[in-house]
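To start, the structure under review is shown below, and the notes come after it.
Side-chain atoms are counted along with the backbone in the values below, which use heavy atoms only and exclude waters and symmetry mates. Numbers here are sequence positions counted from 1.
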Amino acid sequence: KENGIIVLESLDAVTHKTQELAALLAKLGLEGKVLVVDRHDNEKLVLAARNHPQIKTVDALGVNVYDVVDRPYLVVSEQALGRLVEVLGA
């Protein structure tokens, strides 16, 4: 409703640099706290997000209610969305 959920084809192109991840999120129009959901082995994404206090990354299996409610924006890869739907049985 409020464009708080963004599904991207992939997050593999993200580099390990925090500035570039922040720039990508800004380009998408996201300001403030963002929850990024992808697979757990995307090390570049984890490295890019860990130094930014507004960005949190989790694996599709590690998403919890608090993280979703605490952050107004959710960015998820198509692969992670598929895993979420599979796990949640929706």
Side-chain angles (χ1 to χ4, degrees):
K1 181 178 177 181
E2 298 174 1
N3 297 324
I5 299 175
I6 296 177
V7 179
L8 298 177
E9 184 176 326
S10 173
L11 289 167
D12 290 335
V14 173
T15 68
H16 67 282
K17 297 187 178 187
T18 303
Q19 276 186 321
E20 291 182 21
L21 177 59
L24 170 68
L25 296 176
K27 187 176 178 181
L28 294 171
L30 308 179
E31 296 178 4
K33 291 183 172 184
V34 178
L35 179 64
V36 181
V37 181
D38 196 23
R39 55 185 207 284
H40 69 281
D41 62 345
N42 189 345
E43 294 176 17
K44 290 180 184 177
L45 178 64
V46 173
L47 289 173
R50 74 178 178 181
N51 290 328
H52 197 292
Q54 301 287 328
I55 304 170
K56 180 172 183 176
T57 60
V58 294
D59 181 66
L61 300 176
V63 175
N64 63 55
V65 174
Y66 176 76
D67 288 335
V68 174
V69 172
D70 184 49
R71 298 172 188 274
Y73 300 107
L74 173 67
V75 177
V76 61
S77 67
E78 285 183 358
Q79 181 182 17
L81 181 62
R83 287 183 72 191
L84 276 173
V85 170
E86 181 181 311
V87 170
L88 298 175

Determine, stepwise, if the pair V75 / L35 fulfils side chain to side chain contact (heavy atoms under 4.5 Å, CB included).
CA-CA 6 Å; V75 177; L35 179 64; over 6 Å; no
Is it true that D38 and R83 make a salt bridge, defined as a side-chain N closer than 4.0 Å to a carboxylate O?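 No, no charged N to carboxylate O under 4.0 Å.
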- Message: Closer than 4.0 angstrom, basic N to acidic O: yes or no for D70 and K56?
- Response: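 Result for this pair is no, no salt bridge flagged.
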Could you measure the distance from the [atom1] atom of [X] to the [atom2] atom of [Y]? Nearest 0.5 Å is fine.
| X | Y | atom1 | atom2 | result |
| --- | --- | --- | --- | --- |
| S10 | Q79 | OG | CD | 8.0 Å |
| I5 | L74 | CD1 | CG | 5.5 Å |
| Y73 | I6 | OH | CD1 | 8.0 Å |
| K27 | E20 | NZ | CD | 12.0 Å |
| S77 | N42 | OG | CG | 8.0 Å |
| L61 | L84 | CG | CG | 8.0 Å |

Give the intermediate values and the outcome of salt bridge (Lys or Arg N to Asp or Glu O under 4.0 Å) for residues R39 and D12. CA-CA 10 Å; R39 55 185 207 284; D12 290 335; 2.7 Å; yes
Flag the pair V37 / D59 as yes when at least one side-chain heavy-atom distance between them is below 4.5 Å, and no otherwise.
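Heavy-atom side-chain distance check fails, nothing below 4.5 Å.
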> Is there a side-chain contact between L8 and V76, using heavy atoms and a 4.5 Å cut-off?
Replying inline: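 L8 does not reach V76 side chain to side chain.
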Are V58 and L81 joined in one hydrophobic group, where the rule is that I, L, V, M, F, W and Y side chains link up if heavy atoms are under 4.5 Å apart?
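Shared cluster, yes.
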- Do I55 and L24 belong to the same hydrophobic cluster, where Ile, Leu, Val, Met, Phe, Trp and Tyr are linked whenever their side-chain heavy atoms lie under 4.5 Å apart, directly or via other members?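 Yes; L24 is reachable from I55 via cluster members.
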Query - Backbone N/O of Q54 and side chain of R71: donor-acceptor pair under 3.5 Å - result: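 It does hold such a pair.
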Okay, side chain of N51, backbone of T18: is any donor-acceptor separation there less than 3.5 Å?
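The answer is no, because no donor-acceptor pair under 3.5 Å joins these two groups.
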Practice prompt. Please report the shortest heavy-atom distance between K33 and P72, naming the atom on each side.
Written response: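 Closest approach of K33 to P72, heavy atoms only: O-CD, 3.4 Å.
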